[in-house]
Asker: 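What follows is a structure written as structure tokens; I'll ask about it next.
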Amino acid sequence: MSKHILALVAGIVLGLLIVAFAVFYNPFVSEQTLSPLAVTDNELVQLTYSVAAADAIIYTNDGESQVSPYPPKVEQLWEPTLRSTTATVNVLEDSRGRTVGIGVKFASKSEETSILDGKALVDSVWHIYVPERGSLFIQQQENYWSYIHNIVFPAYRSSGDNWRGRWLGNITAGPGPLGTGWVAGGSGEFEGIDTAAVEALSAQAYTIEQGPVAMVGELTIELPPVAVSTTEQPQ
Amino acid sequence: MLKSLIIGIFLGLVAGATAIYFVPVVDQARERSIVEVTPNGGNKEVFHANIPDDRILIGAPDQADPVPRGLEWPRDELFANARTELFKLRNTNDIVVGIASRIAASGSDGSLVEWVFHLPARGSAYILMRPEVEDQSFRDGELRSGTREFADRVGVVSERWVGDSTGAADAPAGRIELSTSFVATPEDES
């Protein structure tokens, strides 16, 4: 009798492992590596920032997560309504590495997360100010499934509790129909514009203890074409 | 015994798939919305941030007492006329329901005062305020864009400083009160 119970328990564990394996290596989940904005003819604004918490101006979360808040004395988001939320303030640089602005990012785990569909979703917004140019608001849903698959899981499997390599991937997964985020311009040259944006990560190092160590985030914002009147000017 | 093993595998598969499908991975904590319906004015909701308790960041150059302690605000001349602040946001029951950023700046491209509210269980709102203060007491603004609950909404927001009137020793110095009044756009109603 006890042999039958042992076999049953072993079978249940095996069944659970098969489900976990099938979900993790789900062949129907595809990775989006090409930016939907790669083929646009419109002007693009590129803003980069370091994803490492210690490189941020401030980074805060519930204080019990893997990545520690920075600076250490920053107020933590320990309240029940904020426990799944992080807030980061970063210096933003252009593609030449020049400081151009400040970006505030709020990110919360999304209730639309679906492991079966390969969706590890985060609802995030950016509040960006670029002096002498203007301000922007970006809303997006990010999917970290590929990131977890290619970086976090290998780091946990590694004997050194870290991952090193080269990984480049888009994390923006919506709400735009092509997997882009939505941008609302606030002031300056961005005033009134409604356009699309994509956020990508370029990762080189990740540790279990500190999270992202060498990782750059890149925001690509499409600027709508300036309307040009075709009416001839009166002579 | 083989039969038990096969039954076990089947049970494990069913249990695993059922758990993944039905058990929510993320379940955000929610507070009851405290909304007042105003005649022809949409849904009015008031948020506030207690000062200094709810202040997470004062991002401005040359602060004698930086918030948070240990903050290294970029010394770049580019940010000389900008001020970035982060707050926890409370409802009228004084319960924290979200987080907010406020950016105020002046430059050759004009002045701006903006808020972004982020309520994890409800959505986010981007609000553009008029830089000038009305009646020396409050500042008006409009909802520019929003997500989820605040998507497809139009409306106004006012910001004002309310000093503490209780005089209690442990009372905050005051609060920044943000009164929102949003209504669905015609497209959203149809």
Side-chain angles (χ1 to χ4, degrees), chain A residues 3-5 7-20 23 57-58 60 71-75 77 79-85 87 89 91 99-102 104 106 108-111 113-116 123 125 127 129 131-135 137 139 175 182 184 186-189 194, chain B residues 1-2 4-17 20-21 24-31 55-57 59 68-74 76 78-79 81-82 84 86 88 96-99 101 103 105 107-110 112 114 116 118-121 124 126 128 144-145 147-148:
Chain A
K3 275 184 186 173
H4 286 285
I5 291 171
L8 189 73
V9 171
I12 291 172
V13 171
L14 198 59
L16 291 171
L17 286 174
I18 291 169
V19 171
V23 165
I57 297 172
I58 71 157
T60 185
K73 297 280 183 191
V74 68
E75 177 78 18
L77 310 178
E79 292 85 355
T81 49
L82 295 179
R83 227 167 247 169
S84 303
T85 298
V89 181
V91 167
T99 298
V100 290
I102 291 281
V104 179
F106 299 137
S108 300
K109 290 175 187 166
S110 171
E111 290 178 326
T113 290
S114 167
I115 293 173
L116 273 183
D123 293 319
V125 292
H127 189 187
Y129 174 58
E132 308 303 325
R133 292 195 73 177
S135 56
F137 171 73
Q139 55 159 304
W182 283 339
S187 66
E189 70 177 86
D194 290 294
Chain B
M1 206 168 79
L2 184 65
S4 301
L5 184 72
I6 292 168
I7 291 170
I9 291 173
F10 179 73
L11 286 175
L13 288 173
V14 171
I20 286 173
Y21 190 78
V25 182
V26 180
D27 191 9
Q28 294 281 4
R30 285 176 160 75
E31 286 295 325
R55 197 169 242 153
I56 299 170
L57 165 76
R69 216 179 304 157
L71 173 75
E72 288 178 32
W73 188 250
D76 203 303
L78 205 58
F79 307 122
N81 298 317
T84 304
L86 256 58
K88 286 180 180 174
V96 172
V97 291
I99 187 167
S101 63
I103 296 179
S108 61
D109 53 340
L112 64 89
E114 298 181 349
V116 168
H118 180 68
L119 313 179
S124 304
Y126 179 40
L128 306 179
R144 167 67 178 92
S145 183
T147 75
R148 294 189 286 158

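First the proteins, then the strands, lettered A, B, ... as listed; each starts at 1.
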Asker: Would you say A:Lys109 has more than 12 foreign heavy atoms packed within less than 6.0 Å of its NZ?
Answerer: no

Asker: Under a 4.5 Å cutoff for heavy-atom pairs, which residue among B:Pro120, B:Ser124, B:Gly16 has the most contacts with chain A?
Answerer: B:Pro120

Asker: What I want to check is whether the side chains of B:His118 and A:Ser108 have a donor and an acceptor closer together than 3.5 Å.
Answerer: yes

Asker: Can you tell me which portion of B:Asp27 sits under 4.5 Å from chain A's heavy atoms? Options are side chain, backbone, both or neither.
Answerer: both

Asker: Report the option among B:Leu11, B:Ile103, B:Leu128 that has the most heavy-atom pairs separated by less than 4.5 Å from atoms of chain A.
Answerer: B:Ile103

Asker: Between A:Glu111 and B:Ala121, is there a donor-acceptor pair closer than 3.5 Å when you use the side chain of the first and the backbone of the second?
Answerer: no

Asker: Where is the tightest heavy-atom contact between A:Ala7 and B:Ser4, given as atom of each residue plus distance?
Answerer: CB-CB, 3.9 Å

Asker: Looking at every non-hydrogen atom in both residues, tell me the closest pair between A:Lys73 and B:Arg69 and how far apart they are.
Answerer: CB-O, 3.6 Å

Asker: Looking only at non-hydrogen atoms, find the nearest pair between B:Leu78 and A:Gly101 and report the distance.
Answerer: CD2-N, 4.4 Å

Asker: Given B:Val116 and A:Val104, is the side-chain contact (heavy atoms from CB on, under 4.5 Å) satisfied, shown in steps?
Answerer: CA-CA 9 Å; B:Val116 168; A:Val104 179; over 6 Å; no

Asker: Does any backbone or side-chain atom of A:Val89 lie under 4.5 Å from a heavy atom of chain B? Answer side chain, backbone, both or neither.
Answerer: side chain

Asker: Any chance you could measure B:Ile6, atom CD1, to A:Leu8, atom CG, to the nearest 0.5 Å?
Answerer: 12.0 Å

Asker: Name the region of A:Ile58, side chain, backbone, both or neither, that has any atom closer than 4.5 Å to a heavy atom of chain B.
Answerer: side chain

Asker: Using atom types as modelled and distance alone, determine if a side-chain donor or acceptor of A:Thr81 lies under 3.5 Å from a backbone N or O of B:Val96.
Answerer: yes

Asker: Please find the pair of heavy atoms, one from B:Gly12 and one from A:Val19, that lie closest to each other, and give the distance.
Answerer: O-CG2, 4.2 Å

Asker: So what's closer than 4.5 Å to chain B heavy atoms on A:Val91: side chain, backbone, both or neither?
Answerer: side chain

Asker: Is it the side chain or the backbone of A:Val23 that comes within 4.5 Å of chain B heavy atoms, both, or neither?
Answerer: side chain

Asker: Find the one option among B:Arg55, B:Glu114, B:Arg30 whose heavy-atom pairs under 4.5 Å with chain A are most numerous.
Answerer: B:Glu114

Asker: For chain B, which of A:Thr85, A:Ile102, A:Thr99 has the most heavy-atom pairs under 4.5 Å?
Answerer: A:Ile102

Asker: What option among A:Val13, A:Val100, A:Asp123, A:Leu82 has the most heavy-atom pairs under 4.5 Å with chain B?
Answerer: A:Leu82

Asker: Judged by modelled atom types alone, do A:Gln139 and B:Thr147 share a side-chain donor-acceptor pair under 3.5 Å?
Answerer: no

Asker: Look at A:Ile12, A:Leu116, A:Leu16 and state which one has the largest set of heavy-atom pairs under 4.5 Å with chain B.
Answerer: A:Ile12

Asker: Could you check if a side-chain atom of A:Ile57 sits within less than 4.5 angstrom of a side-chain atom of B:Pro74, using non-hydrogen atoms only?
Answerer: yes

Asker: Given a strict heavy-atom distance threshold of 4.5 Å, which part of B:Pro24 is in contact with chain A: side chain, backbone, both, or neither?
Answerer: neither

Asker: Report the residues that fulfil side-chain contact (heavy atoms from CB on, under 4.5 Å) with A:Ala87, sequence neighbours left out, ordered by chain and then residue number.
Answerer: A:Thr60, A:Leu77, A:Phe106, B:Leu86, B:Ile99

Asker: With a 4.5 angstrom heavy-atom cut-off, could you sort out which part of A:Ser114 is near chain B: side chain, backbone, both or neither?
Answerer: neither

Asker: Taking every heavy-atom pair that is under 4.5 Å apart, which of B:Leu5, B:Val14, B:Val97 has the most such pairs with chain A?
Answerer: B:Leu5

Asker: Would you call the rings of A:Phe137 and B:Tyr126 parallel, tilted or perpendicular if under 30° counts as parallel and over 60° as perpendicular?
Answerer: parallel

